[in-house]
Amino acid sequence: MAENLTISTGNKVEIYHTLIPQIKNIIKDETDLIANLANITAAIHETFKHLWVGFYIVKESHNNSNTNKESLVLAPFQGPLACTRIHKGKGVCGIAWETGNIQIVPNVDLFPGHIACSSRSRSEIVVPIKNTANQVWAVLDIDSEHINTFDEIDALYLQQICELINKE
Ligand code: SME
């Protein structure tokens, strides 16, 4: 496994073109999901120096009436402490889970229901990760300290990174 990460000094497309083959190489011989998610967060975080890069995984949980309910539960991440559980339809992550669509948020203050895990977060992108039955089983969430950080280029390449992840 590569121990050093090469980071392109070029534009965003070139940076992703350098990053993605390295992620492929890092996860190709490892079958453990958490180990791979951990290294993917580290690779993206080290490359872009974003405020927060992490995964939330859909897991069963129990609410007060003791009914089984699913929520997004915090998984490997890099950055400041984060909220541990997010319900379906809540916040940017919960909406990405509910709709199955990538959410690009140029300004979190203008996103109704945004969950502010860090007051330093100004913009955000969330990519839903789907299984073969097209169900969302996790999301990749990235927060930036700057307004308007993420665009369709990030959506395209982060989606490609998420497609590399095998659940089992
Ligand atoms: N802002 C997210 C919550 C997760 S933290 O940013 C790490 C949201 O609104 O879903």
Side-chain angles (χ1 to χ4, degrees), residues 5 12 15-16 19-20 23 26-27 32-64 67-131 134-165 167:
L5 193 68
K12 190 148 75 173
I15 294 172
Y16 277 112
L19 173 63
I20 290 175
I23 288 180
I26 289 164
I27 68 176
D32 188 272
L33 174 66
I34 299 301
N36 284 335
L37 297 184
N39 266 337
I40 291 170
T41 60
I44 296 172
H45 190 258
E46 200 177 334
T47 295
F48 290 101
K49 320 288 185 214
H50 292 311
L51 173 67
W52 197 92
V53 180
F55 291 94
Y56 283 87
I57 297 177
V58 176
K59 291 189 179 175
E60 217 166 72
S61 57
H62 300 272
N63 66 15
N64 290 338
T67 313
N68 284 344
K69 219 182 164 205
E70 288 184 324
S71 53
L72 285 169
V73 180
L74 186 63
F77 72 95
Q78 300 267 320
L81 292 175
C83 33
T84 53
R85 287 178 190 270
I86 297 172
H87 296 298
K88 201 174 219 174
K90 301 293 178 194
V92 187
C93 292
I95 287 175
W97 175 19
E98 186 169 57
T99 63
N101 296 326
I102 296 177
Q103 304 294 308
I104 298 173
V105 181
N107 181 345
V108 297
D109 292 335
L110 302 180
F111 189 97
H114 168 259
I115 300 166
C117 289
S118 169
S119 58
R120 287 159 61 196
S121 174
R122 308 292 304 284
S123 61
E124 179 165 358
I125 186 168
V126 179
V127 181
I129 308 173
K130 298 173 187 173
N131 61 19
N134 214 31
Q135 289 173 319
V136 176
W137 63 270
V139 301
L140 168 62
D141 178 14
I142 306 182
D143 289 12
S144 165
E145 287 190 272
H146 310 286
I147 294 282
N148 216 5
T149 297
F150 306 104
D151 56 22
E152 292 301 328
I153 293 173
D154 298 284
L156 177 72
Y157 289 106
L158 293 171
Q159 171 90 53
Q160 288 182 16
I161 291 171
C162 289
E163 285 169 3
L164 298 172
I165 302 166
K167 194 176 178 186

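Residues take their numbers from the sequence shown, with the count starting at 1. In listed order, ligands and their atoms are each counted from 1. Because the structure is predicted, anything quoted here is derived from the model rather than measured.
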Ligand 1: which protein N/O atoms lie under 3.5 Å from its N/O atoms?
{"residue": "ligand 1", "atom": "1 (N)", "partner": "His114", "partner atom": "NE2", "Å": "3.3"}
{"residue": "ligand 1", "atom": "1 (N)", "partner": "Ile115", "partner atom": "O", "Å": "2.7"}
{"residue": "ligand 1", "atom": "1 (N)", "partner": "Glu124", "partner atom": "OE1", "Å": "3.0"}
{"residue": "ligand 1", "atom": "1 (N)", "partner": "Glu124", "partner atom": "OE2", "Å": "3.1"}
{"residue": "ligand 1", "atom": "6 (O)", "partner": "Asp141", "partner atom": "OD2", "Å": "3.4"}
{"residue": "ligand 1", "atom": "6 (O)", "partner": "Asp143", "partner atom": "OD2", "Å": "2.7"}
{"residue": "ligand 1", "atom": "9 (O)", "partner": "Val92", "partner atom": "N", "Å": "2.9"}
{"residue": "ligand 1", "atom": "9 (O)", "partner": "Ile115", "partner atom": "N", "Å": "2.9"}
{"residue": "ligand 1", "atom": "10 (O)", "partner": "Val92", "partner atom": "N", "Å": "3.0"}
{"residue": "ligand 1", "atom": "10 (O)", "partner": "Cys93", "partner atom": "N", "Å": "2.8"}

Start with the C-alpha gap between Ile57 and Ile34, add the side-chain angles, then the distance that decides, and say whether side-chain contact (heavy atoms from CB on, under 4.5 Å) holds. CA-CA 10 Å; Ile57 297 177; Ile34 299 301; 4.2 Å; yes
Show the numbers, then the answer: is there a side-chain contact (heavy atoms from CB on, under 4.5 Å) between Ile104 and Asp151? CA-CA 7 Å; Ile104 298 173; Asp151 56 22; 5.6 Å; no
List for me each residue that meets disulfide bond (SG atoms under 2.5 Å apart) alongside Cys93, sequence neighbours excluded, and say none if there are none. none
Measure up the Tyr16 and Phe48 rings against each other and bin them: parallel (under 30°), tilted (30 to 60°), perpendicular (over 60°). tilted
Testing Val105, Val108, Thr149 one by one against Ser144 for a side-chain contact (heavy atoms from CB on, under 4.5 Å), which residue passes? Thr149
Lys88/Glu98 salt bridge by N-O under 4.0 Å criterion: no
